[in-house]
Amino acid sequence: MPAENRYEPHAIESRWQRLWEQRGTFHASNPSDADFDPGRPKYYVLDMFPYPSGSGLHVGHALGYVATDAIARRKRMQGYNVLHPMGWDSFGLPAEQYAIQTGKHPAETTALNTANYRAQLKRIGMAYDWSREIDTSSPSYYRWTQRLFGVLFEAGLAYQAEVPVWWCEELKTVLANEEVINGRSERGNHPCERRPLKQWMLKITAFADRLLADLEEIDWPESIEIQQREWIGRSEGAEVDFAVEGLEDEALSVFTTRPDTLFGATFMVVAPEHPLLERLVADEQRAAVEDYARAAAAKSDLERTDLARDKSGVFTGTFAVNPLMDAGEECARLPIWVADYVLMGYGTGAIMAVPGHDERDFEFATRFDLPVIEVVQPPVGTPGAGDGACFSGEGTAVNSGLLDGLPTPAAIARAVELLEDGGTGRARVTYRLRDWLFSRQRYWGEPFPLLHLEDGSITLLPEEDLPLELPVMEDFAPSAEGSAPLARDPDWARTIDPRTGRPARRDTDTMPGWAGSCWYWLRFMDPHNDEQPFSAEAESYWGPVDLYVGGAAHAVMHLLYARFWHKVLHDAGLVSTAEPFQALFNQGMIQAFAYQDATERLVPTDEVEARGGRFFRVGSDEELTQIVTKMAKSLGNVVNPDDIIAEYGADTFRLYEMFMGPLADSKPWNPRDIPGCRRFLDRAWRMLVDPDDPAPVRPRLLEETDAALEGDALFLEREVNRALSRVDDSYERFNLNTGIAALMSFVNEAGKRGGALTRSQAERFLSALAPLAPHFCEELWNRLGHTGPIAHAPWPEVAEASLEEETYELVVQVNGKLRGRTQVSQAAEPAALEAQAAEIVAAQLEGKRLLKAVVVPGKLVNFVVR
RNA sequence: GGGGAGGUGGCGGAAUCGGUAGACGCAUCGGACUUAAAAUCCGAAGGGCGAACAGCCCGUGGGGGUUCGAGCCCCCCCCUCCCUACCA
């Protein structure tokens with residue numbers, strides 16, 4: 001007779017997914033809702049929402065989502081009002097490229113892709129409140145993105161400037177920064193160059209200090225804080241003005257962090273794009289300098305940095321004058337060079353070169369045979385300029401007039417004073433952070449809610465005219481000359497100012513892909529509000545996000561932009577907190593196996609076969625090496641959750657994702673390991689259900705008993721509590737793999753003890769497993785006779801008392817080496833422990849002299865002998 | 001060059017305060033059940049010497065140190081992955 005009552009994940013999973021949806025099991029109520037329970041604390045756990053790509057969700061994306069889902073489910077069981085939403089970051093370049101590629105409109109491909117993502121996530125059994133789903137490319141969402149851009153505009157934080165943008169001659173188009181990698185187009189690998197165009201900029205630099213300081217307030221990984229700090233790159237120093245010979249009306253300003261080395265400056269360098277370059281170049285050098293500048297502009301960043309280790313440059317024929325020296329002195333005259341190792345984008349785009357104390361300047365001076373002067377004496381024993389080396393550390397000022405003898409920090413302060421007294425310099429703080437280039441000459445993004453009037457002024461579109469919808473265009477490809485696609489729809493671009501009735505022109509640029517993700521956590525709090533982006537009531541209740549989980553890839557850009565907007569909104573009185581994300585966690589990357597041939601070339605997975613634990617090219621004897629690397633379409637090693645769910649079920653999939661290892665670690669996806677998780681569920685099922693009996697659960701599990709436990713049941717009581725305690729701990733430490741291991745051990749122990757399991761133990765086991773294998777646990781919970789969902793059941797408490805044991809195993813060491821073990825009473829005194837331990841290792845102690853006995857009650861006894 | 005994370009069996013990983021290294025799972029091997037297989041169950045297993053479930057030695061990338069005791073703390077070195085890249 002076949003076993004009828006087996007674990008059938010597919011039937012169970014579709015049933016519970018349907019019931020959760022019908023019953024609104026995961027609906028989160030806002031304070032203004034009728035069913036809101038103010039007695040519960042709130043918990044907002046957020047995933048970095050995905051761009052819904054055409055190839056669908058893969059198991060790497062799912063890792064963080066499964067983890068937050070388990071966390072959200074557990075918090076709900078612990079009595080929190082949980083906000084756990086999901087949506088789509090669907091504007092931006094990838095969507096547009098995909099649409100161009102497939103020849104369909106991005107609105108159409110986005111709808112298809114989001115439908116696929118939604119279905120995939122539902123199949124995994126996510127406990128999202130789907131009624132809060134948002135989509136950044138839908139007018140009902142971007143209406144508010146446009147409104148919040150208006151808040152920045154009104155605050156004076158949006159401005160237009162001529163800024164170089166990436167231009168790809170091969171593709172005849174402007175590319176966004178994200179599309180250019182090392183000076184080459186991401187698609188096609190064509191060389192790109194920078195061209196100046198009028199662009200919208202957001203003044204994120206005005207918030208640099210607050211973005212830096214408020215990192216102290218939040219619970220983020222150290223590594224992310226460091227990356228943000230470095231990206232902001234605050235550096236203190238001085239701006240110094242150098243007079244230029246033959247240029248009466250303008251000085252050449254430089255930024256330096258080491259004004260104390262001013263007397264060691266032996267030449268000046270300006271960037272090839274420096275605005276003053278044209279005016280200061282001497283006639284006899286003009287041709288050479290112009291050639292050099294042109295060549296530099298054509299170089300990609302890659303060539304200007306990586307490959308340009310050998311420094312290049314050209315003398316301009318002109319001299320600057322050291323402001324702290326007598327202009328008559330010969331060494332006060334500094335030749336001005338142009339070189340591409342100086343970047344226009346940082347500081348002032350010009351430097352004073354101090355080859356004795358700056359590696360880059362030293363390299364340049366060596367190359368072009370320029371003088372090196374020592375002005376900082378290194379500490380004793382450190383080679384300096386006197387030894388023909390470059391010393392960039394701190395020391396004592398020498399050869400520096402009034403600075404002589406001062407240690408570096410004092411010399412810096414004194415130099416700034418001297419410059420300020422002479423009116424030729426001042427203390428200055430510079431940031432590496434630049435203002436944010438916020439416009440794209442692209443179609444698939446939020447249109448700017450702006451009107452350009454004939455008098456040249458720019459006004460915000462009135463709020464009641466929002467959303468300003470994207471026109472539906474047949475041809476939305478970027479245009480050959482770099483102008484925006486929206487400019488090709490004159491009916492859209494030409495309009496009238498509703499306030500004055502005068503003709504006006506719309507802005508034809510669109511916002512970058514990052515815009516929609518700059519405030520989406522706020523919209524999730526109040527997603528259907530059509531009066532405002534979100535209500536103050538919802539924001540003050542749900543904010544800030546308690547836990548934000550996503551990949552470390554977004555360590556800088558997204559998180560910095562999001563923090564910036566949040567602060568602007570905070571200043572505008574729209575949000576109550578200074579920071580959006582209280583705690584942040586980065587999940588690791590899921591890697592995959594790939595195969596290399598003897599020349600280390602990668603071989604696509606479908607050309608590989610395994611034979612006897614080794615790997616060969618299909619149908620040949622060419623042996624391949626298995627390596628671990630990223631999942632990539634080109635390698636054919638991308639794993640889709642749908643396939644895993646079809647084979648093993650969603651609960652097994654979820655368990656395996658979490659069982660692979662700590663959430664933060666990168667680890668390889670190994671299909672061979674998945675059945676182990678399924679076998680665990682099979683065993684757990686049989687622990688509660690007799691497969692040969694049609695009864696929903698084993699009959700004795702329907703008995704409630706308050707009789708004192710004894711024997712195997714008492715043993716299992718301790719085991720279940722031990723497991724619960726380890727599960728709790730695994731959530732605290734984001735290593736759910738250890739919690740799952742504890743639950744596995746419990747099932748193994750229960751399996752060895754036949755019918756000893758009690759109903760209460762089974763219930764607590766299921767409750768602890770429920771966030772990880774929710775369908776499985778709902779089904780058995782229901783079979784145990786519960787009417788409410790396990791998703792709303794209370795989280796099981798650890799009964800500390802039952803963890804205590806009367807005896808424990810005492811380890812006995814001799815000279816630190818394990819020599820035996822013995823069972824001792826929990827209450828045994830140290831002297832008794834020592835005596836009992838000595839018996840165990842009597843043979844090893846025989847004839848030795850006892851120097852010392854280390855007794856650690858609860859752990860071990862160590863005899864030190866000679 | 002700078003910054004970050006890491007290196008533990010054949011594999012993924014445990015070891016929470018400096019105290020039994022290798023939990024749990026995979027793969028492997030042996031056994032039970034079966035006509036047989038699958039599934040399932042039970043058992044073995046870091047390496048070495050040994051008939052041994054006796055005993056001893058070695059073992060957490062390498063070398064040193066602190067300690068009764070080090071995967072964990074300190075110093076030096078090697079390797080891997082990720083991010084970043086002339087920031088004056």
Side-chain angles (χ1 to χ4, degrees), chain A residues 3 6 182 221-224 226-227 229-231 233 235 237 254-258 261 269 301-302 304-306 308-309 311 339-343 345-354 358-361 363-364 392 430-434 552-553 555-556 586 588-589 591 613 626 628-630 655-656 659-662 664-677 679-680 682-683 686 691 726 729 732-733 735 737-745 748 751-752 809-818 820-821 843 851-856 858-865:
Chain A
R6 272 192 307 207
N182 287 330
E222 188 71 23
S223 66
I224 301 289
I226 288 169
Q227 284 183 63
R229 217 165 257 134
E230 294 214 336
W231 189 263
S235 69
V254 304
F255 174 75
T256 176
T257 54
R258 292 295 298 273
T261 62
V269 185
D301 269 12
L302 180 69
R304 279 180 70 160
T305 57
D306 242 25
R309 277 275 167 246
K311 292 201 166 28
D340 65 7
Y341 82 92
V342 170
L343 308 175
Y346 184 77
T348 63
I351 61 158
M352 62 177 206
V354 184
D358 182 285
E359 297 284 353
R360 298 152 301 185
D361 299 344
E363 206 184 306
F364 193 84
S392 55
T430 293
Y431 299 91
R432 180 196 146 125
L433 182 70
R434 322 276 162 81
V556 180
N586 292 128
M589 219 193 316
Q591 299 157 311
Q626 188 182 57
V628 167
T629 182
K630 288 185 204 197
L655 272 175
Y656 177 62
F659 189 63
M660 291 174 75
D665 291 5
S666 290
K667 52 240 159 186
W669 183 267
N670 190 348
R672 239 173 36 171
D673 288 342
I674 302 171
C677 290
R679 282 201 275 265
F680 161 61
D682 285 329
R683 276 199 298 275
R686 286 194 305 270
R726 289 184 58 193
D729 193 57
E732 299 309 315
R733 306 195 313 149
N735 58 356
N737 54 320
T738 63
I740 295 168
L743 292 170
M744 287 174 167
S745 295
N748 292 345
K752 286 177 201 159
E809 194 172 60
L810 182 80
V811 165
V812 187
Q813 298 180 331
V814 176
N815 287 342
K817 284 184 181 165
L818 177 71
R821 296 154 215 222
L851 299 179
K852 186 175 177 182
V854 181
V855 182
V856 185
K859 292 279 184 198
L860 54 73
V861 174
N862 183 16
F863 295 103
V864 185
V865 300

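In what follows, chains are A, B, ... by sequence order, proteins preceding strands, each numbered from 1. Below, each value reflects all heavy atoms present in this structure, side chains not excepted, and no hydrogens, waters or symmetry copies.
Only the P atoms considered, B:rC29 is 12 Å distant from B:rA38, to the nearest whole Å. If you take atom C1' in B:rU66 and the same atom in B:rA52, they sit 40 Å apart, rounded to whole Å. Straight-line distance between the P atoms of B:rC81 and B:rG13: roughly 16 Å, to the nearest whole Å. B:rC75 sits 15 Å from B:rA70 when the C1' atoms are compared, rounded to a whole Å.
Nearest-nucleotide mapping onto RNA chain B: of A:K817 and A:M352, the residue sitting toward the 5' end is A:K817.
Under 4.0 angstrom from either OP1 or OP2 of B:rC42 there lies no side-chain N or O belonging to A:R683. The side chain of A:R229 places no N or O atom within less than 4.0 Å of a non-bridging phosphate oxygen (OP1 or OP2) of B:rU84.
What separates CD1 of A:I226 from P of B:rC83 is a distance of 17 Å, to the nearest Å. Atoms CG (A:N670) and P (B:rC11) sit 12 Å apart, rounded to a whole Å.
Taking syn as a glycosidic angle within 90° of 0, B:rG50 qualifies as syn. Syn is the conformation of B:rC17, whose glycosidic angle sits no further than 90° from 0.
Relative to the six-membered ring of A:F364, A:K311 misses at least one condition, a distance below 6.0 Å or an angle of at most 45° to the axis.
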